[in-house]
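Only one structure is covered here, and it is reproduced in the block below.
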Amino acid sequence: MKFSLTQTKIAVIGQGYVGLPLAVEFGKCYPTLGFDINATRIEQLGNGIDLTQEMSAEQLKCSAHLKFSTNTADLAQANVYIVTVPTPIDEHKKPDLSPLKGASKMLAQVLKKGDVVIYESTVYPGCTEEDCVPLLEQGSGLKYNQDFFCGYSPERIVPGDKERTLTRIRKITSGSTEATADFVDQLYGSIITAGTYKAPSIKVAEAAKVIENCQRDLNISFVNELALIFDRLNLDTTQVLEAAGTKFNFLPFKPGLVGGHCISVDPYYLTSKAESVGYFPEVIHSGRRINDNMGAFIASKVVKLMIAKNQPVKGAKVLVLGITFKENCPDLRNSKVIDVIRELQSYGVDVDVVDPHAQPDEVEHEYKLAMSSWSDLIVGLTMLSAISNNNSVSEEAAIYETTPRRKKYAAVILAVSHKEFLEIDVRQFLLPEAVLYDVKAVLPQAWVDGRL
């Protein structure tokens, strides 16, 4: 089968954090359809609005050959389909392939001879050909690698990162036949300035993707375990890591809450597949247990610090700064800040949550949590820029003490290091003898009562 880039018409299935940037880049070179079942999302994109903040109105406008649709009939015009739907886990931490299978069944209804289906969603090794291809065959009546072909090119999107964008990250490609692999590699190579790496098989490409995030998960779990140990030894973890970091080959990982759509999810895809072939992956499971329990540890540590400062716990007002899974990004998926909040609430604490990047309705839908208003909270606060580096300690204290405050809290937890939080003196939210806990270790050490 011969494939031609000049004849390529692309449909990108799913217009989220992964699919939209991909559609925008391909839309600069090829007729491209950005497809999503969310009509509101498609309407917003058509009006130049991207609530994920990954694409600006200007970037959407510059993609000259890109159109958006929710109409499955429009998919029939394409001959290359790229699937970028979510691959989450269920309540039992098992792979949930329902979005992926749903997309495959939908594509089977429009699949034609000579078409190529490329999957980008993170899966376990073998998923594309064992789970997706049979659905494409059954729904279309076509034969795999005879009538239609498949590729796998795992996404490497970093939400919120404006430097390491789609085209600047090297892309793994693969195909179900040698000719398909060459075509897929050339297709992505036409937009990825960082270059591509053609894997020898789809299964290798799938495995490579899933272990990328497993490796990062394990590295973070190691420093999280160190944080648990050093807490009992009354050692500051950040100071220890900074000292160890003077060795040229010491890896610079930091402890923290491990959430998001990749690192906190992907390891379960590999462990599930490993268990299905009779192997229990102890190291990966151990890392996951440590990382999943960090929210409870942070909450209990804050409560202990409150008790040590004679702050009543039950009914105490505590402010949590940030709910998204990472800084300067509106992405709420699998945010582990909610674990801190729920654990605090189990102690009878009254928790206020603010986040200038999160959409309140999405927070309510995702976590059944009502947010406080960031704009209301910061009225009257002193910005850090108003505190000169030339001020004496007494002058800085005077500025701090005379600052009007709308609300005061028995404890403040900096959970996400959004730029807005770093532009103010967060001590202005504190009651006398209140606790300031820094999850991200970004505040001046002299300010905080504890940090992870």
TODO: Mind checking the CD1-CD1 spacing from Ile172 to Ile192? Nearest 0.5 Å is all I need.
DONE: 12.0 Å
Task: Lys273/Glu206 ion pair, N-O < 4.0 Å - done: no
Task: Salt-bridge criterion met for Asp50 and Arg41 (N-O under 4.0 Å) - done: yes
Open item on the list: Please enumerate all residues that pass ring pair (Phe, Tyr, Trp, His ring centres under 6.0 Å) together with His418, with sequence neighbours excluded.
Closed with: His357, Phe421
Open item on the list: Rounded to the nearest 0.5 Å, what separates atom CG in Leu319 from atom CG in Leu414?
Closed with: 10.0 Å
Open item on the list: Taking the side chain as everything from C-beta on, heavy atoms only, tell me whether Pro125 gets closer than 4.5 Å to Val204.
Closed with: no
- [ ] Please confirm whether the backbone N or O of Val210 pairs with a side-chain atom of Thr122, one donor and one acceptor, at under 3.5 Å?
- [x] no
- [ ] For His365, enumerate each residue passing the ring pair (Phe, Tyr, Trp, His ring centres under 6.0 Å) test, keeping only those at least two apart in sequence or located in another chain.
- [x] none
Open item on the list: Please check: side-chain N/O of Thr173 versus main-chain N/O of Val184, any donor-acceptor pairing under 3.5 Å?
Closed with: no
Task: Tyr119-Thr84 side chain donor-acceptor pair, cut-off 3.5 Å - done: no
Task: Short side-chain to backbone donor-acceptor contact, Ser174 and Tyr152, under 3.5 Å - done: yes
Open item on the list: The criterion is side chain to side chain donor-acceptor pair (under 3.5 Å); which residues satisfy it with Lys368, sequence neighbours excluded?
Closed with: none
Open item on the list: Just verifying a value: how many Å separate Met306 CE and Tyr347 OH, rounded to the nearest 0.5 Å?
Closed with: 11.0 Å
Open item on the list: I'd like to know if the side chain of Ser286 reaches the main chain of Glu282, judged simply by a donor and an acceptor atom lying under 3.5 Å from each other, with no hydrogens or angles considered.
Closed with: no
TODO: Compare all side-chain heavy atoms of Ile323 with those of Val416 and state whether any distance is below 4.5 angstrom.
DONE: no
Task: Spacing of Ser272 atom OG and Ile89 atom CD1 [to the nearest 0.5 Å] - done: 10.5 Å
TODO: Kindly state each residue pair satisfying ring-ring contact (aromatic ring centres under 6.0 Å, His included) with at least one member in residues 242-266, sequence neighbours excluded.
DONE: none
- [ ] Report the residues that fulfil side chain to side chain donor-acceptor pair (under 3.5 Å) with Lys93, sequence neighbours left out, ordered by chain and then residue number.
- [x] Asp292
- [ ] Keeping to residues at least two apart or across chains, list the ring-ring contact (aromatic ring centres under 6.0 Å, His included) pairs with something in residues 198-232.
- [x] none
Task: Ala434: side chain to side chain contact (heavy atoms under 4.5 Å, CB included) partners, not counting sequence neighbours - done: Gln311, Leu430, Leu431
Open item on the list: Applying side chain to side chain contact (heavy atoms under 4.5 Å, CB included), can you list everything that pairs with Ala11, at least two apart in sequence or on another chain?
Closed with: Ile13, Leu33, Leu75, Ala78, Tyr81
Task: Those residues that, when tested against Lys326, pass side chain to side chain donor-acceptor pair (under 3.5 Å) (two or more places apart) - done: none
TODO: Only counting residues at least two apart or in another chain, list the ones meeting ring pair (Phe, Tyr, Trp, His ring centres under 6.0 Å) with Phe280.
DONE: His285
Task: Pairing residues for Phe35 by the ring pair (Phe, Tyr, Trp, His ring centres under 6.0 Å) criterion, not counting sequence neighbours - done: none
Task: Lys/Arg-Asp/Glu bridge criterion (N-O < 4.0 Å) met for Asp236, Arg451 - done: yes
TODO: For Arg232, check side chain to side chain contact (heavy atoms under 4.5 Å, CB included) against everything at least two apart and list the hits.
DONE: none
- [ ] Any chance you could measure Leu45, atom CG, to Met55, atom CE, to the nearest 0.5 Å?
- [x] 10.5 Å
Open item on the list: Between Val318 and Asp350, is there a side-chain heavy-atom distance shorter than 4.5 Å?
Closed with: no
Open item on the list: Does Lys171 qualify as a cation-pi partner of Tyr188, given the criterion of NZ or CZ under 6.0 Å from the six-membered ring centre and within 45 degrees of its axis?
Closed with: yes
- [ ] State plainly whether the residues Lys309 and Asp449 are in salt-bridge range, i.e. N to O under 4.0 Å.
- [x] yes
Open item on the list: Less than 3.5 Å apart, any donor N or O on the side chain of Thr196 or Asp185 sitting next to an acceptor on the other?
Closed with: yes
Task: salt_bridge(Glu242, Lys254) N-O dist < 4.0 Å - done: no
Task: Euclidean distance, Asn334 CG relative to Leu257 CG, rounded to 0.5 Å - done: 12.5 Å
TODO: Please check if any side-chain donor atom of Gln59 sits under 3.5 Å from a side-chain acceptor atom of Glu54, or the reverse.
DONE: no
